[in-house]
Engineer: 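Below: one structure in structure tokens.
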Amino acid sequence: MIPESFDYQRAGSVREALALLKQHGDEAKILAGGHSLVPTMKLRLATPGTLIDIGGISELKYINDKGDYLAIGAGTTHWMVESSSLVQQKAPALSQAAAQIGDVQVRNRGTIGGVLAHSDPQADYPGVVLALNATIIAEGSGGERTIEAADYFTGLWETALGDNEILTEVRIPTDSANANSCYLKFPQPASRYPYVGCAVAMDKSGGNCSDVRVGFSGVAESAFRDDGVEDAIRGQALNDDTIAAASAKSAEGRSVLSDYFVSEEYRRAMAQVYAKRALTQLS
Amino acid sequence: MGDLIGKSVKRVEDNRFIKGEGKYTDDFNMDNQTHAVYVRSPHAHANIKGVDTSKAEALDGVVKVFTGQDIADAGIVGSICGWQVDFKNGDTMKEPGHPIMVADKVRHVGDAVALVIAESKNIARDAAGLVEVNYEVLDAVVNPKEAAQDGAPLVHDDVPNNTIYDWELGNKEETDAAFEKAHHITELSYHNQKLVPNAIEPRAALGHFDSNEDKYTLYTTSQNPHLARLVIGAFVLSIPEHKLRVISPDVGGGFGSKIFVYNDECGVLWAAKQIGRPVKWTADRTEAFFTDCHGRDHVTDAKIALDKEGKIIGLRTKTYASLGAYLSNFSSCVPTYLHGTLMQGLYTTPAIHVDVTAVVTHTVPVDALRGAGRPEATYGIERLVETAAREIGMDPAEFRLKNFIPPFDGVKQPGYQTQVALQYDSGNYEGALKKALKNANYEKLKKDRDKARAEGKLLGIGFSTYIEACGIAPSAVVGSLGARVGLYDAASIRVHPTGKVTIYSGAHSHGQGHETTFSQIVADSFGIGMEDVNVVHGDTESVPFGMGTYGSRSLAVCGSAIMKSVDKVKEKGARIAAHKLECSPDDLEFANGSWTVKGTDKSVGFGDVALTAYVPHSYPENEEPGLDFASFYDPANFVFPFGAHICVVEVDKETGQVKIVRYVTVDDAGNIINPMIVDGQVHGGVAHGIGQALYEGAVYDDSGQLLNGSMLDYCMPRADNFPMFETDTTVTPCPHNPLGVKGIGEAGTIGSTPAVVNAVIDALSDYGVKDLQMPLTPQSVWAAMQS
Ligand SMILES: Cc1cc2nc3c(=O)[nH]c(=O)nc-3n(C[C@H](O)[C@H](O)[C@H](O)COP(=O)(O)OP(=O)(O)OC[C@H]3O[C@@H](n4cnc5c(N)ncnc54)[C@H](O)[C@@H]3O)c2cc1C
């Protein structure tokens, strides 16, 4: 388990990291918590010539209440997200997801920016940031740009992030749906990554489900918003029948992952079970 | 005896382990040392058309690259099989060779084809990636039953039908007759799936040849350094024993996988001599998955026959056992003498027939893994018994009590002669089950289950009452059955002039806590403190020729050798004491660290006697100085621990996830030296067995690729999978060894697997599910509920 040799650069600021990225070009990779990148390097599936470590950049580690939204720095660790009372109040789904990632060591090192940049189809956060309608901020040599979560996950291991861009911030709207959100996870028994992760944010002012967003992690090649479920429950009274009918739509019409260990049929069925449980929990 | 035996003395070795200061093979380094990496086959079955090492050799820092051809040219055979099991018709067991590295053909993913040696491990790893091997990929076979069929791809050209031997035990005619007159027959087909051992420390070796002394040294991760020295010296590399020192320092777990002498370590030692520099090799986790011997992989059809009253009258099994691609040291005895001989279980079954076909497949070699054969046997028996009870509408606990062998202590009542060769030493099987039923509060538990079911929850209760044979073994018996080694053990006790004691143990601890247990028995025997005793193990240069640690034998066999040496020390000590006290040794009694003239207050202490032995100024005539004795102990029989496990599970109706709600054990390991260590062994063993039931299992595709060869996909059990285990014991002493002890290292693993599966099947009874194949993954449980 030894990676190929590589050069290592430590960036003191985002600006410095961007300059280093530009300088080293294709053979460079950003290193954040290292908890996805280093394992793939050890298996020699990734062989970057240079690592640009942004793990020490303190300006990337924060959780701030900006009124309309929570601003979370890309370098914020899973543990910081999990334990933040601000996140627990305004976006409980995110803190619940953080709390279920890996183990304590992983949560102390891994970062939200790292997860979203890596876009592992099995990661927890992606479905959550979709359900929370988050915005992702990326910085490149041309400056900052804003990417809606809905446009961010573009396919298997693919995102809208450019090669020479650094993800700097995640913005979570502080709306009433996000304040009433949850994340439920069916972990793969060995890796504990999700077979199925379901995040739901629901506005139920007036008793009925007035607005809802449902995001799935782990189910398909990339995380997705499930408008089938959303449409079926939006505007409905919340009871066993409406929830059962809505959750039955989970992943409908989408291709879902399957392998020897989890068949397509089983994954679909579990997506339904977890959607049902999440909707029930919020109603 | 003093008051240490029976106490939960804290483990003395944990002082260094919990501080991370244990010293493992990879912690040792030598001057001028090089680093080795093996190049391994990515294919399960392929001809090697060519190996090009030139790019690797050209890399800066590479010292040497050896290939399978170099091994062939050197005329070296590989590691050997230590147990010969012949065919039913008398034909000799097939023993295909296993060269240290292969030159012509690879037979499993992970088979070694080249060895790269470099100045650093990083360079060696880089260079290994530059070795180009041209493979012609061939069809593979991975399933044991399919491997034996005509037309299956052959693993070795000289092994027709991939069959290494076929074998039977028991009485076929009587068993046929039992099934003919049976009132009820229960049948099951099951796969004791292939398990990866996954010791936390991967295998490692540091080999050195000292040309001045003409002597080899090998540091390695072995459960039995003397056995390693014997096999490497006498069979693989032709090194005289006195010219080879094997040191097995702290070892981070083995579970059987470090019993065996692997080619990899032999190759390291051989290479060290060739290049004239020390060579170090440490496997990485991936290599561990692809080269540590796996366990189990038995495909079995089994039947049990009952009479009208629900008594078992016959049992029959037919097993196809995979040995993997090559025969590892003890691979051949696991499906036979460690499996077939256990088919009596705890029951009075009068007619048993066991049939085993052992095959090679294109998979990682299979050998002993915690329990080795006994878990496979116990799984079959306990699944059959529980299923049969359900089918005839009898409570599974009651069914067992009805069929148990009655209690016998092996002293007043003789040992129990089974239908399958073994003679059980002592047992009180109903005692263990009744205690477990009481501890679990079974009557209430049944009501809870029924109540939960009425509320729509799937609660299930499962049993397993097991026996196992360990403390291997009487050498003459195993010799007559094909073993090529003796299975005694050895220990010496050196009492130092000041009365402190060093134990030199042939057994080797790789997690078991010998430094504590052995010290307890010796300190107690001499009336001295734990701190006055030290245990040395693992270095062939200092410890006597013992056979090492596996098969739950350390205390029963090596502990008995220790007690023999204790007796010799005490006998001689009494003669010295008698001389000092001017009496006859017969007038003395030994207690609390002193010899006292009976009926008087005249006494002399252990330390005094020790000093006198080394400063023999006033000394018995014709008595040698010194107080230092070695002993060998060859057991009179196996020891037979047993017990009863009760498992309660809840199955999630919607997802198929199984949650273990309670786990109750009553194990009987004879007399107990350290209850805490026994408890720890039960915890680890039960966790391991639950792993087989619910989580673990090597999965191969048809081309022979291991699909879950990493911790991402191969599921090891973890602490949060379990409730607090409710452990307890009964004590039925072993009648034939000095301490009256049995063994507890594997009991938990052997007992637990069927208890869990039985509980899940019970939970699914409303769905008419009679059987499920392990591991019972959420998906498989869910699928069973759908159909
Ligand atoms: C044992 C273990 C268990 C785990 N379990 C889970 C789990 O249950 N659920 C789960 O979701 N995850 C799990 N993970 C993954 C973990 O969450 C990682 O921390 C995360 O995937 C990556 O974050 P990181 O900060 O470590 O990124 P790194 O590994 O440092 O980087 C990952 C990738 O993202 C890029 N990158 C990182 N930061 C940025 C940035 N700011 N801008 C642009 N590119 C960037 C890197 O170049 C790299 O390609 C587990 C990991 C381990 C080791």
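What you are looking at is a predicted structure, and each value in this text was computed from that prediction instead of being measured. Every chain is numbered from 1, with letters handed out A, B, ... down the list of sequences.
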Engineer: Can you give me the closest heavy-atom contact between B:Q779 and A:V262, atom names plus distance?
Structural biologist: OE1-CA, 3.1 Å
Engineer: Using heavy-atom distances under 4.5 Å, tell me whether B:Q657 contacts chain A through its side chain, its backbone, both, or neither.
Structural biologist: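 Just its side chain gets close to chain A.
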Engineer: Please indicate whether A:Y8 has more than 12 foreign heavy atoms, meaning atoms of other residues, nucleotides or ligands, lying under 6.0 Å from its OH.
Structural biologist: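 Enclosed.
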Engineer: Under 4.5 Å from any heavy atom of chain B, what part of A:E4 do you find: side chain, backbone, both or neither?
Structural biologist: both
Engineer: Can you tell me which of B:D652, B:N721, B:L694 forms the most heavy-atom pairs within a distance under 4.5 Å of chain A?
Structural biologist: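 Most heavy-atom pairs within the cutoff with chain A belong to B:D652.
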Engineer: Using a heavy-atom distance cut-off of less than 4.5 Å, which residues of residues 272-283 of chain A contact chain B?
Structural biologist: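 Under the 4.5 Å heavy-atom cut-off, A:V273, A:Y274, A:K276, A:R277 qualify.
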Engineer: Is it true that, when you exclude A:N239 itself, more than 12 heavy atoms of the residues, nucleotides or ligands shown sit nearer than 6.0 Å to its CG?
Structural biologist: yes
Engineer: For residues 116-126 of chain A, run the donor-acceptor check on the side chains, cut-off 3.5 Å, and write out each pair with its distance to 0.1 Å, sequence neighbours left out.
Structural biologist:
residue : atom : partner : partner atom : Å
A:D120  : OD1  : A:Q122  : N            : 2.7
A:D124  : OD1  : A:Y183  : OH           : 2.4
A:D124  : OD2  : A:K185  : NZ           : 2.9

Engineer: Is it the case that over 12 heavy atoms from other parts of the model lie below 6.0 angstrom from the CZ atom of A:R268?
Structural biologist: yes
Engineer: Write out, in numerical order, the residues from residues 708-720 of chain B with a heavy atom short of 4.5 Å from a heavy atom in chain A.
Structural biologist: B:N708, B:M711, B:L712, B:D713, B:Y714, B:C715, B:R718, B:D720
Engineer: With a 4.5 angstrom heavy-atom cut-off, is it the side chain or the backbone of B:T777 that approaches chain A, or both, or neither?
Structural biologist: neither
Engineer: Mark yes when over 12 heavy atoms from residues, nucleotides or ligands other than A:D240 sit less than 6.0 Å from its CG; otherwise mark no.
Structural biologist: no
Engineer: What residues of residues 35-56 of chain A sit under 4.5 Å from chain B when you count only heavy atoms?
Structural biologist: A:L43, A:R44
Engineer: In this structure, are over 12 heavy atoms from other groups packed under 6.0 Å from A:D26 atom CG?
Structural biologist: no
Engineer: Report yes if some heavy atom in the side chain of B:W782 is under 4.5 Å from a heavy atom in the side chain of A:M270; otherwise report no.
Structural biologist: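 Yes, at least one pair of side-chain atoms sits under 4.5 Å.
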Engineer: Look at atom CG of B:D27 and say whether more than 12 heavy atoms of other residues, nucleotides or ligands are closer to it than 6.0 Å.
Structural biologist: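 Enclosed: over 12 neighbouring heavy atoms sit under 6.0 Å from CG of B:D27.
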Engineer: Do other residues, nucleotides or ligands put more than 12 heavy atoms under 6.0 Å from A:E265 CD?
Structural biologist: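 Open: at most 12 neighbouring heavy atoms sit under 6.0 Å from CD of A:E265.
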Engineer: So, taking the atom named CZ in A:F186 and the one named CD in B:E654, what distance separates them when rounded to the nearest 0.5 Å?
Structural biologist: 11.5 Å
